[in-house]
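Data block below; observations after.
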Amino acid sequence: MGTLRPDFYARSVLEVAPELVGCTVTHGNVSGVIVETEAYHDSEPACHAFAGLTPRTQTLFGAPGNAYVYRSYGVHALLNAVCERDGVGAAVLIRALEPLDGVEDMLARRRLVGRPRSDGNGGVRVDDLCSGPGKLTQALGIWLSENGTSLSRGPIRINGRSRAWRDPEIVRSTRVGISHAVDLHWRFSAADNPHVSRPRPPIAPRGPALARVRPRLARPRA
DNA sequence: CATGGGATTGACT
DNA sequence: GTCAATCCCATGC
């Protein structure tokens, strides 16, 4: 599985977002498999680029295959892959990873946040290491300074799907944490993967029997 | 220039 | 379920 080239990203963000599920993000000696993404496009008001070309959205409107890293809630760095042609503001938000390499380093970084609790990993379970867009940048050590760097040649790399992730089952649902365009089903998650973020997406359709057994999981939002 | 609102998380009730 | 932390930047006066 080689590093994805810019032309992979130079397509509709709605094609790229589900195809990034199963791909691998690498930063330094840590890596993880993407298990959840969201698509954003300047045509809809939840996207930062909806406001047009500003200092903040310059990266978004720039070349496909670059990293758009921005600060969220004044606290967290969120990682996106810029998509579509130069001049279009579109990106895929990387929302969750299944940790692959460097788990010890991820734990070390994630242990530093919040007050330590009295469990084994200083308050962080492996399933929760990268189960959110702010968590995964913390675990991988990705900084705001890497905004605009190439995902093909820069410090952050995204590689194509490994054999184990060929043709993953993907669940489609609404995006998280936004107040506009809430009806768009532009969130893509690996079905039944324990590393996806909250709120958990609807379970994958598997036939009526299982749906009857676990009805409570169908509507996780409160 | 002042203000307000987040593509969130973790701790606490 | 509720809430604070924290800062960039878009918007409006």
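Just so you know, these numbers use all the heavy atoms, side chains as well, and skip hydrogens, waters and symmetry mates. The sequence lines fix the lettering, A, B, ..., with proteins before strands; numbering per chain opens at 1. Here the structure is a predicted model, which means the values were calculated and not measured.
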Under 3.5 Å between N/O atoms: give me all the protein pairs with nucleotides 11-13 of chain C, atom names plus distance.
none

**Report entry** Close approaches to DNA chain C from residues 74-86 of chain A, in residue order (heavy atom, under 4.0 Å)
**Finding:**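 Within this stretch, A:G74, A:V75 sit under 4.0 Å of the strand.
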Query raised in the report: Does any residue of residues 89-98 of chain A have a heavy atom under 4.0 Å from DNA chain C, and if so, which ones, in number order?
Result: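 Hits under 4.0 Å, by residue number: none.
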Distance, rounded to the nearest Å, where [X] contributes [atom1] and [N] contributes [atom2]:
X	N	atom1	atom2	value
A:Q58	C:dC8	CD	C1'	15 Å
A:L184	B:dA7	CG	C1'	13 Å
A:Q138	C:dT6	CD	C1'	14 Å
A:R198	B:dA7	CZ	C1'	19 Å
A:L144	C:dC9	CG	P	9 Å
A:H48	C:dC7	NE2	P	17 Å
A:D128	B:dA11	CG	P	11 Å
A:F50	B:dG5	CZ	P	18 Å

Report task. Could you walk me through whether A:R157 and A:T3 pass the side-chain hydrogen bond (donor to acceptor under 3.5 Å, both in side chains) test, one step at a time? Result -> CA-CA 7 Å; A:R157 304 287 176 97; A:T3 302; 4.5 Å; no
Query raised in the report: Nearest of B:dA7, C:dC7, B:dG10 to any side-chain atom of A:Y40?
Result: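 So the nucleotide nearest the side chain must be B:dA7.
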Report task. Would you indicate which nucleotide in C:dA10, B:dG10, B:dA7 comes nearest to any side-chain atom of A:P55? Result ->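 So the nucleotide nearest the side chain must be C:dA10.
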Requested in this report: Could I get the full list of side chain to side chain donor-acceptor pair (under 3.5 Å) partners for A:D42, not counting sequence neighbours?
Outcome: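 By the side chain to side chain donor-acceptor pair (under 3.5 Å) rule, A:D42 matches no residue at all.
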**Report entry** Under the side chain to side chain donor-acceptor pair (under 3.5 Å) test, residues paired with A:H48 that sit two or more places apart
**Finding:**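 Here the qualifying residues are A:Y68.
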Query raised in the report: Is A:R175 salt-bridged to A:E38, cutoff N-O under 4.0 Å?
Result: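 Answer for the salt bridge query: no.
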Would you tell me whether [X] and [Y] have side-chain atoms, one donor and one acceptor, within less than 3.5 Å of each other?
X	Y	result
A:D105	A:N29	yes
A:N66	A:S150	no
A:H27	A:E146	yes
A:T24	A:N159	no

Is [Y] close to [X] at the side-chain level, that is, under 4.5 Å between some pair of heavy atoms?
X	Y	value
A:I156	A:T26	no
A:R110	A:Q138	yes
A:L93	A:Y40	yes

Query - Connected via hydrophobic side-chain network under 4.5 Å: A:L53 and A:L60 - result: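 They do not share one cluster, since no chain of ILVMFWY contacts under 4.5 Å joins A:L53 to A:L60.
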Report task. Tell me the stems DNA chain B sits in, counting at least three consecutive Watson-Crick or G-U wobble pairs, each under 3.5 Å on both distances. Result ->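 DNA chain B stems, ordered by first number: B:1-6 with C:7-12, B:8-12 with C:1-5.
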**Report entry** B:dA7 base / A:Y73 side chain donor-acceptor hit below 3.5 Å
**Finding:**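 No such pair is found, so the answer is no.
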Report task. Cation-pi check, A:R71 to A:Y73: give yes when NZ or CZ is under 6.0 Å from the six-membered ring centre and within 45° of the ring axis, no otherwise. Result ->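 Pair A:R71/A:Y73 does not count as cation-pi.
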Query raised in the report: Is any side-chain nitrogen or oxygen of A:R110 closer than 4.0 Å to OP1 or OP2 of B:dG10?
Result: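 Result: yes.
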Query - Side-chain donor/acceptor of A:R11 to backbone N/O of A:R85, under 3.5 Å - result: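 Side chain of A:R11 to backbone of A:R85, a donor-acceptor pair under 3.5 Å: no, none is there.
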Query raised in the report: Hey, does A:S179 reach any base, or is it just sugar-phosphate, or nothing, if we go heavy atoms under 4.0 Å?
Result: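 It contacts sugar-phosphate atoms only.
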